[in-house]
Amino acid sequence: MLNQALAQALAEIADLLEIQGETPFRVNAYREAARRIAALATDIAEIHRAGQIRTIPGVGPSLAARIEEFLTTGRLAYLEELRRQVPPGLRDLLRVPGLGPKRAWQLYRHLGIAGVAELRAAVREQRLRTLPGFGAKLEAQLRRALEHWQDLAHRRPLGEALPLAERLSAALAECSAVQAVTPVGSLRRWCETVGDLTLLVASAEPAAVVQAFVSLPLARAVLDRSESGASILTEGGVPVALRIVPPEQYGAALLAFTGSAAHYARLCALAARRGYRLTTGGLIDDRTGRRLGGATEEEIYAALGLPWIPPELREDQGEIEAALAGRLPALVEVADLQGDLHCHSDWSDGAAALETMVQAAVARGRRYLAITDHSQSLGVARGLSVERLREQWAALADLQACFPQIRLLRGIELEIRPDGTLDYPDEVLRQCDFVTASIHSGFQQSRERITARMLAALAHPLVDAVSHPRGRIIGGRAGYELDLEAVIAAAARSGKALEINANPNRLDLDDRSARRAAEQGVPLLINTDAHAPGDFDLLRYGVAVARRAGLGPAQVLNTRPPEEFLAWLARRRRG
DNA sequence: GCCGTTTTCGGCCCGACTGTTTTCAGTCG
């Protein structure tokens, strides 16, 4: 399906036009069309064949022609033309907090800055302040933003790395010489960002696998190849390594390449204590020279007196002690999740109709769903006035009648306003089934003020949960200043839930914070924050955070069946 | 660039904050 590729191309056109100073409305037309196409449940090629391109909202004659060109030729001449005018690195500058299209273009025109590396040099040499409109404070702000950026320079968000690894693995599995293939490293441990992308393959015919790997359609260039492995650069410019081992060594290699280094070192030490040696080829008894295992991870763990430890826990954060004591937690799984308490529709900033979102949730087996569009003060997201909210309730009641298999909840993502007050009067909140509060404004406020806002929301009897508590965007902004410990303590006191936002760009709470919250008895929610039907599939990223936090289903509120969840809500509201 | 019981032009995208200014442009969510 080409929907995502097309959406990305249109979004890139929007960015490039914006950098060039094109009118915001034209830019927005491309951006909106990209969003709509990304949210489509049907293959765009099919819509095209049916002559229905123009029925997509936001697609007029001009965009229809571009879409047609893309679908018939696989190219977009307009985009290629724009790329010639605007250096590709300028798009990266847009992601640096404090820089937008105007400043990015100015940096390019006057200082020749066409990428993050050049920006970093210019900041270091204090050249930015020479530009009109730029000053020492902005320069300092950018310096801080770039420090955060530096940590991520060579790492990719999990939400980008995992789908790529899955596509490559699936393509490679087509090769008959491949007996098994697994992406290893921090990816297999579901770390929120991934440095090196490596695929591990079990095969008795490595040469055939290498050949298949370097011939993949996704491979743009071959960086390196040998008899037992290779490295390629993918279409998107991501380097990917391949390692091939014989099937009888597959488990030992999985263990070694999955890591973490600290976890693996502990295993090696455990092996040494028993007179064994753990290598990437297998577990060896040093006295007899006999191989004790190597084909599977399970047999190696077993030989060391341990149960198999899920990769998400392999960080040497107490999992080995827990395993030795037989206290390894039974981790929550995607299939355990019964409800989603955070999603949007096109009533606010979602890309799809209410009915489409409900259908998508039903199709994925969700048994309850809170529609939580934005509240009134969030103008940019078309936040709902009280009147519109009441209209939505009526629409929801109609939908409920059509979808008896899912319990629909009147929800709201309630803005905690910059002054700490909530965005609707109590009488409106009282009529909502589920209220999750969050912050999208006043990001620059002091730690004290933002913490006070959060605590005020948590103290309000009609607030049930807080969404994406840290406000961070992975690879984007660091999140506002916040005393998270105070927020966790307040949630524990008041019996309110904190969210693990499953969007791979957020993962907020993160695993460590979620673990601390759970330790204090705070109920956690794993929510997708879906803005389009396909976003419900992001659930697995949130589940991974919970698993890395060591959580079982009992600690995740929305693993409960609908009646139990509603009973929790009712109990909570009674106080 | 899209859209239209205000229908072929003129709206559409809000409001706050910040840093640079001397009345406002740029960015952000």
Side-chain angles (χ1 to χ4, degrees), chain A residues 10-11 13-37 53-67 76 78-79 82 93-107 109 128-145 344 348-350 373-385 388 413-421 423 437-446 449-450 453 467-468 470-473 476-481 501 503 505-506 508 529 531:
Chain A
L10 295 178
I13 291 179
D15 280 353
L16 298 182
L17 287 175
E18 193 173 32
I19 291 170
Q20 286 189 320
E22 183 57 77
T23 72
F25 304 112
R26 192 159 171 251
V27 171
N28 198 42
Y30 277 93
R31 206 156 272 157
E32 189 58 26
R35 253 167 54 87
R36 290 280 180 176
I37 287 163
I53 290 289
R54 288 289 305 274
T55 65
I56 302 168
V59 174
S62 180
L63 272 157
R66 304 229 187 274
I67 293 169
L76 266 176
Y78 187 49
L79 175 57
L82 287 170
L93 293 188
L94 298 184
R95 290 173 58 211
V96 178
L99 288 185
K102 296 279 164 36
R103 286 175 183 156
W105 189 240
Q106 216 183 348
L107 289 173
R109 289 304 298 276
L128 295 195
R129 56 184 72 180
T130 61
L131 284 181
F134 285 74
K137 280 200 175 171
L138 184 57
E139 205 173 66
Q141 183 193 332
L142 290 174
R143 182 179 301 114
R144 284 192 302 274
H344 299 268
S348 69
D349 66 346
D373 276 310
H374 291 284
S375 60
Q376 55 190 355
S377 78
L378 211 61
V380 63
R382 299 198 299 277
L384 301 177
S385 65
R388 288 275 292 155
E413 181 172 10
L414 182 68
E415 184 65 13
I416 307 170
R417 293 187 293 215
D419 64 359
T421 59
D423 211 15
S438 62
I439 286 183
H440 303 81
S441 52
F443 271 51
Q444 303 298 326
Q445 290 176 355
S446 69
R449 280 191 69 186
I450 293 188
R453 284 164 74 186
S467 280
H468 45 69
R470 302 298 314 277
R472 69 155 177 183
I473 300 292
R477 57 166 197 253
Y480 33 70
E481 294 291 327
N501 190 293
N503 187 301
N505 295 316
R506 286 194 183 270
D508 178 7
D529 196 358
H531 284 69

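Just so we're clear, the structure is a prediction, and the values are computed from it rather than from any experiment.
Distance, A:Gln141 CD to B:dT20 C1': 13 Å, rounded to whole Å. Regarding A:Ile56, its CD1 atom lies at a distance of 11 Å from the P atom of B:dC3, rounded to whole Å. Look at CZ on A:Phe134: it is 21 Å from P on B:dC24, rounded to the nearest Å. Rounded to whole Å, atom C1' of B:dG26 lies 10 Å from atom CG of A:Leu138. Regarding A:Lys102, its NZ atom lies at a distance of 13 Å from the C1' atom of B:dC24, rounded to whole Å. Atom NE2 of A:His374 and atom P of B:dC13 are 16 Å apart (whole Å). For A:Leu17 and B:dC2, the CG to P distance is 12 Å, given to the nearest whole Å. Distance A:Gln106 CD to B:dT27 P: 9 Å, rounded to the nearest Å.
From A:Ser377, atom OG reaches atom NE2 of A:His440 across 10.0 Å, with rounding to the nearest 0.5 Å.
Side-chain N/O atoms of A:Arg506 and A:Ser467 include no donor and acceptor closer than 3.5 Å.
Side-chain atoms of A:Asn505 do not come within 3.5 Å of backbone N or O of A:Ile473 as any donor-acceptor pair.
If you check B:dC2, B:dC13, B:dT27 against the side chain of A:Ser62, the one that comes closest is B:dC2.
Cation-pi contact between A:Arg477 and A:Phe443: absent, since separation from the ring centre below 6.0 Å together with deviation from the ring axis within 45° is not met.
When both distances must be under 3.5 Å, the Watson-Crick or G-U wobble mate of B:dG15 is B:dC28.
In this structure, the aromatic ring of A:Phe25 is positioned over the six-membered ring of the base of B:dC12, centres within 5.5 Å and planes within 30°.
When the side-chain nitrogen and oxygen atoms of A:Arg66 are compared with OP1 and OP2 of B:dG1, one or more of them lie within a distance under 4.0 Å. Considering only side-chain N and O atoms, A:Arg54 lies nowhere under 4.0 angstrom from the phosphate OP1 or OP2 of B:dC2.
The side chain to side chain donor-acceptor pair (under 3.5 Å) check on A:Ser438 picks up A:Glu413, with sequence neighbours excluded.
B:dT23 and B:dG29 have their C1' atoms separated by 25 Å, with the value rounded to a whole Å.
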